[in-house]
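I have a structure here, written as structure tokens, and I will follow up with some questions on it.
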4 protein chains.
Amino acid sequence: MSLNKVILIGNVGKDPDVRYFDSGAAIASFPLATSERGYTLANGTVIPERTEWHNIVVRRDLVSFVEKWVKKGSGLYVEGKIRTRNYDDQNGIKRYVTEIHADRIEFYNNGSRPADSSTTQASTNTGNNMTQPVQPNTGYQQGGTTLQSPTAPFSESNEADDLPF
Amino acid sequence: MSLNKVILIGNVGKDPDVRYFDSGAAIASFPLATSERGYTLANGTVIPERTEWHNIVVRRDLVSFVEKWVKKGSGLYVEGKIRTRNYDDQNGIKRYVTEIHADRIEFYNNGSRPADSSTTQASTNTGNNMTQPVQPNTGYQQGGTTLQSPTAPFSESNEADDLPF
Amino acid sequence: MSLNKVILIGNVGKDPDVRYFDSGAAIASFPLATSERGYTLANGTVIPERTEWHNIVVRRDLVSFVEKWVKKGSGLYVEGKIRTRNYDDQNGIKRYVTEIHADRIEFYNNGSRPADSSTTQASTNTGNNMTQPVQPNTGYQQGGTTLQSPTAPFSESNEADDLPF
Amino acid sequence: MSLNKVILIGNVGKDPDVRYFDSGAAIASFPLATSERGYTLANGTVIPERTEWHNIVVRRDLVSFVEKWVKKGSGLYVEGKIRTRNYDDQNGIKRYVTEIHADRIEFYNNGSRPADSSTTQASTNTGNNMTQPVQPNTGYQQGGTTLQSPTAPFSESNEADDLPF
DNA sequence: TTTT
DNA sequence: TTTT
């Protein structure tokens, strides 16, 4: 009986870092900022704006989407789960990093049109013989039965799960 | 083992309808629109934009917040649950209406400042000796106006925010 | 700027109804119950348990998963969006039905093992040369680039969107 | 334009740590485990069960609820937001800790009755002249103990539930 | 450190 | 390091 669900809307702090492995697996990562606006209490205390930075990690078929479309400054909707991994730093001390493993990423309109969870899947599932827009109509999500093709066996994606980042 | 959770971001279709009852109870309701943007398929088929209208229902202490701040056109973040009620129409036929009973409402910036789930509760808890902004800094959720009582001033809660634990 | 997101955990009220169309499109639907438990107020008033029924609608690649695994009584985690459609009843009166269009379905352990959003996608993305378990390890979700195969063109899935159920 | 939302269902790893400050502020914290079940890939690779530990932090009026009811082993539903804070360790090196600041906590039935987001608020708002159950009927959320004031008894809010609007 |  |  368990659920681990994260929903974020925020802005990308810098261009994604994308890495490919010999196994064929790939991983992308980038920082995403969410902000709480500041306010003033009744007693005059000023609570300043506060920005939270999230480490977004992307695997499998989401990687190519991120590599192609996500840039510094992009406004994104991200769904995923929390994962904390640990590693030993240069002093042999165990350190922890918490990341958001994304299952779904959508562009969250920078001023223009609305986005919706439904549209996303639809317009995503294209990208073939269609002329690509300068910005994607929508987003992307993990999943899909056909990922298990011989050229991208599922086990690889999961081996990547054990990589130290 | 049950969960019934709805998260919406959209725009208010018309000014809320607010009703008060002899019992002291109050209820507010208004339509909220969420939109999926349209797109064009690879084969040229045009899928038009689609707007979904949700009946938002508000009770208890959220009512006064809605009455005061929510207007036609307001951009809102709404959390709640789905409820379908039925009634007999003029022909004695049972009819069903599905509504979203809101547990939490926040203003979702119309172009200006960001909002965050945390800020909301804070700046909501106003209504005392504080000069009211023209638009609320934030939103509201079920429960909690009385946090800003003299015995538990809000600033204290926030001082705790800086404690190393 | 829009979001329409529903998260439900509940039990299936009866075996899914599955329909196939000449276009190749398919649709499955079933009722899902979520329950609020009853309680007694301080003044002695008894608030009884309340069950909410949701109309779950499933399309595309989720259909075969549902047809194969989902049964009356199944405990499910469902993510999706709200959609209200209308039709004219036998008296020519416009009637409305609100449905949850599922983007993701997972089995939510009936007493046994925990489920998690991540696991789900993983164990789902198999189903090839693997011997099938009596009950799936997990669930399923919409998406996947390769859905747009010639035998299941995307436009068909969307034509189904206009069907009266 | 920002959202930072976490939804967890899991089990408490040890009894909460509760601290009170001179200011009157209080804070509670405890670890919560979510688990992904293991599975076997088509190629025979065994992916073991994986447990994720979350640091839950609770403030304000949620603290007393946690102190009273939450124990090691408790099955909880937790809603909140992600926050990462940093501090300098004994070697003067900056370290980071990511925590989930809870806005809402509910008991998630250990085998028995269902829970629902609505019920929660209701049965929570007790703590007056009512005999307390051994385990709370439900959960709690930020804000709102004072709803059960004489001028706004909870039963009234619920009578409104039956009004045709 | 929890649960199944 | 992003956005407003």
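Convention: sequence-line order gives letters A, B, ...; per-chain numbering from 1. Every heavy atom of this structure was used, including side-chain atoms; hydrogens, water molecules and symmetry mates were not.
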**Item:** Distance-only donor-acceptor test (3.5 Å): side chain A:S2, base E:dT4
**Value:** no
note: A:N86, atom CG; E:dT1, atom C1'; distance rounded to Å ~ 15 Å
D:L32 CG to E:dT4 P, in whole Å, measures 14 Å
Discussion item. Testing the 3.5 Å rule here: is there a donor-acceptor pair between the side chains of A:Y77 and A:E79?
Written reply: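 A pair is found: one side chain offers a donor N or O, the other an acceptor, under 3.5 Å apart.
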From NZ of D:K14 across to P of E:dT1 the rounded distance in Å is 11 Å
Between E:dT1 atom P and D:H54 atom NE2, what is the distance in whole Å?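 Spelled out: NE2 on D:H54 to P on E:dT1 is 18 Å.
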With the side chain defined as heavy atoms from C-beta on, D:P31 is closest, among F:dT2, E:dT3, E:dT1, to E:dT1
Could you say whether the aromatic ring of A:W53 and the base of F:dT2 stack, counting only centre distances under 5.5 Å and plane angles under 30°?
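Taking the rule of under 5.5 Å and under 30°, the ring of A:W53 does not stack on F:dT2.
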Rounded to whole Å, CZ of A:F30 lies from P of F:dT2 at a distance of 15 Å
Without decimals, in angstroms, what is the distance between A:I56 CD1 and F:dT1 C1'?
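Checked: the CD1 to C1' distance equals 13 Å.
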### Query
Hey, are the side chains of A:I56 and A:L8 touching, using non-hydrogen atoms and a 4.5 Å cut-off?
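They are in contact (side-chain heavy atoms under 4.5 Å apart), so the answer is yes.
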Without decimals, in angstroms, what is the distance between D:K72 NZ and E:dT3 C1'?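 One finds 12 Å between C1' of E:dT3 and NZ of D:K72, rounded.
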When only distance counts, do a donor and an acceptor, one from the side chain of A:T34 and one from the base of F:dT3, lie under 3.5 Å apart?
-> no
Across all chains, not counting sequence neighbours, the side chain to side chain contact (heavy atoms under 4.5 Å, CB included) partners of A:K14 are A:P31
Whole-Å distance, D:Y96 OH to F:dT1 P, equals 13 Å
Closest of E:dT3, E:dT1, F:dT2 to the D:E49 side chain is E:dT3
Contacts of D:Y87 meeting side chain to side chain donor-acceptor pair (under 3.5 Å) (sequence neighbours excluded), chain-then-number -> none
